[in-house]
Number of protein chains: 2
Amino acid sequence: MIRVLIADDHQMFIDGLKSLLERESGIEITGSANNGTQALECIEAQKPDVVLLDINMPEMNGINTTALIRKKYPAVKVLILTMYKTKGFINGLTRTGAAGYILKNTSHSELMEAIRTVAAGGTFFSKEVAETLSDKKPRFEVHSDASLSKREIEIIREIAKGLTTKQIAEKLFISYYTIETHRKNILSKLQLTNTAEVILYASQSGLLD
Amino acid sequence: MIRVLIADDHQMFIDGLKSLLERESGIEITGSANNGTQALECIEAQKPDVVLLDINMPEMNGINTTALIRKKYPAVKVLILTMYKTKGFINGLTRTGAAGYILKNTSHSELMEAIRTVAAGGTFFSKEVAETLSDKKPRFEVHSDASLSKREIEIIREIAKGLTTKQIAEKLFISYYTIETHRKNILSKLQLTNTAEVILYASQSGLLD
DNA sequence: TAAAAAATAACCAATGTCAGGTATTGTCTA
DNA sequence: TAGACAATACCTGACATTGGTTATTTTTTA
């Protein structure tokens with residue numbers, strides 16, 4: 001019996017998935033959570049074998065949650081379930097120790113295969129995800145990590161509000177050059193080239209909620 | 001018996017919802033579609049009573065699909081199912097004739113209530129959506145995406161991919177100056193001042209994908 | 001407590017965007 | 001069929017971003 005915990009911010013998705021998985025033999029849904037913090041509490045209480053984790057959740061994002069799960073409960077397998085195949089996320093998550101990464105547009109049978117594979121100690125990546133992984137080439141040692149710092153996230157939020165580098169510097173009472181540096185580090189960490197891509201990434205990954 | 005069609009670009013979501021709704025008495029799932037075009041084909045073939053429509057789908061977006069369904073099949077009720085509660089989008093859809101608008105984080109019971117209400121000829125809006133509708137201060141003005149031209153939306157999508165004005169001009173085989181003009185018109189129509197705001201708006205209103 | 005990471009600051013050249021215009025042609029529709 | 005809208009194109013000056021660097025101070029973590 002594989003014990004599974006579902007963490008997703010959309011209750012409707014949880015309900016549907018639960019109904020779907022309950023029909024499968026050999027799988028038991030221990031519970032569900034709507035964010036990372038809740039997920040950790042559920043793991044503590046329920047000790048599942050596999051956690052189906054959405055990365056687009058409020059309060060605590062997927063990377064941080066994965067890192068905490070791996071640290072506190074090394075026996076629990078993390079299977080990332082998401083709509084996005086953002087390079088930064090995939091790299092960050094696999095490095096953090098996710099056992100698998102599948103997209104929400106994958107089929108029922110592939111989902112089952114993924115759950116069984118990671119429960120058995122293996123790794124599972126959707127075809128599209130695997131392709132993204134294979135063409136990664138981290139250019140900078142220090143800044144190739146997808147985990148953005150608090151300050152960087154704060155600055156992305158100001159950019160999303162439409163503020164310019166100069167305006168952000170004034171608002172945060174720090175130098176224009178510092179903001180410039182942060183912006184450059186953000187682009188570098190996410191392996192992007194301009195603001196438009198950063199805002200799209202931030203919006204889609206729930207960084208702005 | 002209420003005949004329901006599900007349209008969503010995530011197969012996993014469809015599978016889950018299907019499994020969930022099949023357990024309900026009085027509801028029959030006639031089929032599913034992964035985009036707007038497919039949804040229209042399914043309606044023609046299956047004549048459902050209610051269409052559960054995700055607005056964040058590729059190929060054809062929710063507003064266009066809703067408009068076409070209302071025009072060709074006035075008897076079919078459209079129940080919008082989405083993650084977003086963006087003002088401009090909600091207004092656009094209700095104006096187009098959607099019978100209901102519920103968020104993906106709503107509960108199972110609320111979903112059932114929504115389906116039954118719209119099937120009976122009523123309207124149903126999630127609490128949060130209703131609040132957004134009654135909100136006097138819209139985040140984005142009435143100049144919303146209804147007034148953006150096809151070309152403008154196309155250009156916004158290219159900007160979101162990270163292309164510069166020059167690159168877009170080359171890709172679309174038109175002048176750099178034309179793209180500049182379109183960008184200025186986009187900013188003016190949406191009453192925004194820079195690219196970051198445009199991308200956030202586009203992303204949150206489901207203009208992309 | 002030593003090492004790592006984050007936050008700070010600076011400079012400059014190249015490139016890109018924005019805010020003002022003006023103007024022509026094609027297409028839809030009241 | 002006239003008027004509105006969409007798409008096209010052009011120009012300029014001002015302003016903003018990006019890439020390539022280096023470097024110090026502060027904070028966090030192992």
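Order of the sequence lines fixes the chain letters, A, B, ..., with proteins taken first and strands second; residue numbering starts at 1 for each chain. Not measured: the values here are computed from a predicted model.
Judged by closest nucleotide on DNA chain D, B:Ile155 is the one of A:Thr165 and B:Ile155 placed further toward the 5' end.
Between the side chain of A:Lys184 and the base of D:dG20, a donor-acceptor pair under 3.5 Å is found. Contact of A:Thr181 with C:dA10 (side chain to base): a donor-acceptor pair of N or O atoms is detected under 3.5 Å.
Considering only side-chain N and O atoms, A:Thr195 lies nowhere under 4.0 angstrom from the phosphate OP1 or OP2 of C:dG16.
A straight line from CD1 of B:Ile153 to C1' of D:dA7 spans 14 Å, rounded to a whole angstrom. When the C1' atom of C:dG21 is taken as reference, atom CZ of B:Arg183 falls 19 Å away, rounded to whole Å. The interatomic distance linking A:Ile186 (CD1) with D:dT18 (C1') rounds to 13 Å, in whole Å. Rounded to whole Å, the distance from CD1 on A:Ile168 to C1' on D:dT18 is 15 Å. For the pair A:His182 NE2 and D:dA23 C1', the computed distance is 15 Å after rounding to whole Å. Distance, B:Lys150 NZ to C:dC28 C1': 13 Å, rounded to whole Å. Rounded to an integer number of Å, the gap from A:Asn185 CG to C:dA10 P is 16 Å. Remark: P of C:dA7 and CG of A:Leu148 are 10 Å apart, rounded to the nearest angstrom.
Of the possible polar contacts, none joining the B:Ser188 side chain to the B:Lys184 backbone as a donor-acceptor pair under 3.5 Å is found. No side-chain donor-acceptor contact under 3.5 Å links A:Ser203 to the backbone of A:Ile199. Distance alone, capped at 3.5 Å, is enough to place a donor-acceptor pair between the A:Gln38 side chain and the A:Asn34 backbone.
Among B:Ile174, B:Ile186, B:Asn185, B:Ile156, the single residue meeting the side chain to side chain contact (heavy atoms under 4.5 Å, CB included) criterion with B:Arg151 is B:Ile174.
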Q: Take A:Glu180 and A:Arg183 through the test salt bridge (Lys or Arg N to Asp or Glu O under 4.0 Å) and record every step on the way to the result.
A: CA-CA 5 Å; A:Glu180 261 196 350; A:Arg183 291 185 78 136; over 6 Å; no
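Residues from residues 169-180 of chain A placing a heavy atom under 4.0 Å of any atom in DNA chain C, listed by number, are A:Ile174, A:Ser175, A:Tyr177, A:Thr178, A:Glu180.
As judged by a 4.0 angstrom heavy-atom cut-off over every strand, A:Asn194 is placed among residues touching the sugar-phosphate backbone only.
For the residue pair A:Glu158 and A:Lys171, the shortest heavy atom distance occurs at OE1-NZ, 2.9 Å.
Distance from the side chain of B:Lys166 is smallest for C:dG16 among the nucleotides C:dT17, C:dA19, C:dG16.
Between B:Glu197 and B:Thr193, the side chains place a donor N or O and an acceptor N or O closer than 3.5 Å (distance only, hydrogens not considered).
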